[in-house]
Amino acid sequence: MLRSRVLAAVVCAGVFGMPCMAQFYPNYNLVGSPQVPGLYYGDTYAVDLNNDGIPDLVVNEYATGDLQPYFAVFLAKGDGTFWGPAWYQYSAVPHGDTGPGPVPMAFGDFNGDGNIDIAMVTGDNAITVYLGKGDGTFVNPWHSWILGIPSDQYFGQGLIATADFNHDGKMDLAVVGYGPSSNVVYILPGEGNGLFSKDVPVLTVPGEGAAAYWGVQQLLVGDFDNDGNADLGVMASVGIGNGNSGSMTPHILYGNGNFGFQDTTPISSTSEVVYRVGDLNGDGKSDLYSMDVGGLNTYYGLSGRTFLHRTQASIWGGVFSEASMADFNDDGHNDLVAITRNYTSTFLVFYLATGTLGQFEYQVWNVPNAASVPVGASGTVALPVVGDFNHDGKPDWALLGHTTSGSTIAYTGVNETAGELWSNCDYPRAQRGINLCSPAVVSGPTVNFTATAHALEPLRNIQLWVDGKKLGEQSHTWEGNGWFGASIPFGPGTHYGTYFGTGISSTLVQENFTFTVPSGCSAPAQAGVHICWPTNGASINATSVVVDANATVTGTLARMEVWVDGVKKYTETSTTALSAAVMVSPGTHTYTVFAVNTSGQVWSAATRATAR
């Protein structure tokens, strides 16, 4: 695995009695988008709507002065701030709602055109789909009326989730039918054109009308056993609401790839109300995590369709939001971020993962004074969302807050941690695809493989296949992103490879390539760096530029680095024969290659070339 680590001094602070830890803490630059008149009531999602590889914000509900139900789209500018919003009003709300409360949303490509669409429940038995145009806007909504469910059931709370549950290449939906005595989870098979007409019942639990029951509270999608079939997490509650403490029973429905599910309850009933899903430990299996005033609970998915439960106490009492996941400090472990509120203040709390499952260290950020406490529709603390909002490969966070004048403002914490590299490769400038950084041109028998991927659903892994054989599989994934890095020796000749990015329901993104061993870039006779390409003054008809270089060093190599206009783009630690593709904007740039040995001696060479 190719990774660069630059050690930095860590300053520990005793915040609320926090112990001083040895964790590497990330740094953030707080930026704010222009204020928008209106009141924010509900949920925020980070999703790329305009195919530029940068997540945008979707907010539901967003209510203007007339309190009509809207969702709002804030398109990313690419520097951590956002345009907008553009408002989309919908005319109906689920059964039992008395006002413009938040209606959950599901995001996917429901008509197969490669653009993100939005699906919601907006009537008793109606599914509304806003088909995306690929530029951040949507056509007028399409409505599907599901007629097969019993007459006494309705899609009450609007719960909705999406995956390709039967591997036909069409995105399906999971919804909940609420009745007087039972709740039924249905799969709505996608027709591939943005419409849904059938229902497949997959789970029945007691409903609100049964004694002490309050029915299904959450729908989650993952692949908890890493078998390539999408699974469901269904959270059913007993006694929650109206002042009752109650409990939550997670039903894990393991899919068979053809709308069949095995219902299991491998996790003991808990008092938590809200769960989240993601691959916390990078093993390709989806995990669950939940937090409340008592602390953080993590449930790591296992191959035997069970879970490993770990718990960690909170640093102080208060109301916690749901948590979002990413590797914020580039140590190879996925971290969590949530907002918490005590009696007087609001804070961002980062749970920085350690090498021990379920054990995290803390980093605390004050929410800016310009924003009041961000709250959801029910008065709970709002969820921060994560994404690479400035396309530098580092995970950032964003949240919405309110000004004293009643306006809404989007705050972004742009990750400016120095010296870290995360993926070793720029992410694609598209919402779906793979960016192949290497191999491009190969020097010597050791071939470096680095790639990144975006997908429309959560990724399980990236696989490397060469000459018909699978040579590697890595699960460095977060929020639909993934990266891969490896160094493998090859014999002389031309080889044929493919990177596959595999989603939780086995949907694929892929990139084919060829490479030839060896390269003709020779090392200099004396200690130094030789850049074979690009040559000085070269004109290149591409913005993905191959940098091919070789070096001679005294002692032992520590790393080779490629910098473009003073910004580090690539790091290699195993060989002096470097070949990497770096993304640049059109124009003339300076390409500098450094070779560093373990004693700290540095050799370098530079060249200027124009990309068109």
Side-chain angles (χ1 to χ4, degrees), residues 1-8 24 26-27 327 329-332 391-394 415-427 435-444 446-452 476 483-487 519 521-524 526-536 538 540 543-585 588-609 611:
M1 180 176 68
L2 303 175
R3 293 184 65 76
S4 167
R5 295 293 303 165
V6 178
L7 299 180
F24 185 88
N27 299 313
D327 181 6
N329 61 350
D330 193 28
D331 65 353
H391 203 269
D392 65 353
K394 303 176 183 180
N415 196 330
E416 293 193 339
T417 306
E420 306 310 298
L421 198 56
W422 275 264
S423 66
N424 278 7
C425 181
D426 286 337
Y427 279 93
N435 182 34
L436 182 154
C437 283
S438 65
V441 179
V442 179
S443 298
T446 299
V447 180
N448 302 318
F449 296 91
T450 52
T452 54
H476 308 295
W483 60 267
F484 182 96
S487 297
S519 166
C521 189
S522 60
Q526 304 297 323
V529 175
H530 176 206
I531 299 178
C532 295
W533 185 259
T535 57
N536 201 49
I540 304 166
T543 54
S544 179
V545 178
V546 174
V547 178
D548 188 22
N550 210 328
T552 298
V553 301
T554 59
T556 303
L557 176 73
R559 62 187 181 274
M560 298 277 289
E561 297 179 349
V562 178
W563 292 62
V564 179
D565 298 334
V567 177
K568 183 161 59 175
K569 289 289 190 176
Y570 184 81
T571 296
E572 156 62 38
T573 60
S574 60
T575 177
T576 58
L578 179 148
S579 181
V582 296
M583 297 180 67
V584 299
S585 59
T588 300
H589 303 278
T590 299
Y591 302 81
T592 306
V593 177
F594 293 92
V596 185
N597 69 10
T598 53
S599 298
Q601 290 180 282
V602 180
W603 298 267
S604 66
T607 184
R608 286 180 63 79

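All values reported here derive from a predicted model rather than from experimental measurement.
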> Do the side chains of Asn424 and Trp483 get nearer than 4.5 Å, heavy atoms only?
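When only atoms from C-beta onward are counted, Asn424 and Trp483 do not touch, as no gap falls below 4.5 Å.
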> Answer whether the closest heavy-atom distance between the side chains of Val547 and Val593 falls below 4.5 Å.
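Answer yes - side chains close enough.
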> Any donor and acceptor pair, going by atom type alone, linking the side chain of Thr552 with main-chain N or O of Pro524 inside 3.5 Å?
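At least one qualifying donor-acceptor pair exists.
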> Do Phe449 and Pro439 have side chains that get closer than 4.5 Å, going by heavy atoms?
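Yes, their side chains come closer than 4.5 Å.
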> Going by atom types only, do Thr450 and Ser438 share a side-chain donor-acceptor pair under 3.5 Å?
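Yes, a side-chain donor-acceptor pair sits under 3.5 Å.
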> Go through it in stages, so that I can follow the logic: the residues are Thr452 and Trp422, the test is side chain to side chain contact (heavy atoms under 4.5 Å, CB included), and I'd like the CA-CA distance, side-chain angles, deciding distance and then a yes or no.
CA-CA 11 Å; Thr452 54; Trp422 275 264; over 6 Å; no
> Kindly indicate whether the side chain of Thr588, heavy atoms from C-beta on, has any atom under 4.5 Å from the side chain of Arg608.
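Yes, their side chains come closer than 4.5 Å.
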> So, taking the atom named NZ in Lys394 and the one named OH in Tyr427, what distance separates them when rounded to the nearest 0.5 Å?
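Taking NZ in Lys394 and OH in Tyr427, the distance rounds to 13.0 Å.
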> For residues Ala595 and Ala551, report the shortest heavy-atom separation together with the two atoms involved.
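Minimum heavy-atom contact is CB-CB, 3.9 Å.
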> If you define the side chain from C-beta out and look only at heavy atoms, does anything of Thr554 sit under 4.5 Å from Asn597?
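Yes, at least one pair of side-chain atoms sits under 4.5 Å.
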> Using modelled atom types only, decide if a donor and an acceptor are shared between the side chain of Asp548 and the backbone of Ser579 within a distance under 3.5 Å.
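No; judged by distance alone, with no hydrogens or angles, the pair does not exist.
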> Examine distances only and state if a side-chain atom of Ser423 and a backbone atom of Gly393 form a donor-acceptor pair shorter than 3.5 Å.
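Judged by distance alone, no pair lies under 3.5 Å.
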> With a 4.5 Å limit on heavy-atom distance, are the side chains of Asn448 and Tyr570 in contact?
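Yes; the side chains approach each other to less than 4.5 Å.
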> Would you confirm whether Thr607, through its side chain, and Pro534, through its main-chain N or O, come within 3.5 Å as a donor-acceptor pair?
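Yes, because the side chain of Thr607 sits within donor-acceptor range (under 3.5 Å) of the backbone of Pro534.
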> Could you tell me if the side chain of Tyr591 sits less than 4.5 Å from the side chain of Ile531, heavy atoms only?
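Side chain of Ile531 against side chain of Tyr591, heavy atoms only: no contact under 4.5 Å found.
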> Say whether His530 and Asn550, considering side chains only, have a donor N or O and an acceptor N or O under 3.5 Å apart.
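Their side chains do not contain a donor-acceptor pair, so the 3.5 Å distance test is not met.
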> Spell out, as yes or no, whether a donor-acceptor pair under 3.5 Å connects the side chain of Glu572 to the backbone of Ser574.
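Yes; at least one donor-acceptor contact below 3.5 Å.
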> Between Arg559 and Thr573, do the side chains contain an N or O donor and an N or O acceptor separated by less than 3.5 Å?
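Not at all, the side chains of Arg559 and Thr573 share no donor-acceptor pair under 3.5 Å.
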> Without swapping roles, check the side chain of Trp563 against the backbone of Phe594 for a donor-acceptor pair under 3.5 Å.
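Not confirmed, Trp563 side chain does not pair with Phe594 backbone.
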> Has the side chain of Asn27 got a donor or acceptor atom that lies under 3.5 Å from a matching backbone atom of Glu416?
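No; judged by distance alone, with no hydrogens or angles, the pair does not exist.
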> When you measure from the side chain of Thr575 to the backbone of Ala577, do you find a donor-acceptor pair of N or O atoms at a distance under 3.5 Å?
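Yes, the answer is positive, given that a donor and an acceptor are paired below the 3.5 Å cut-off.
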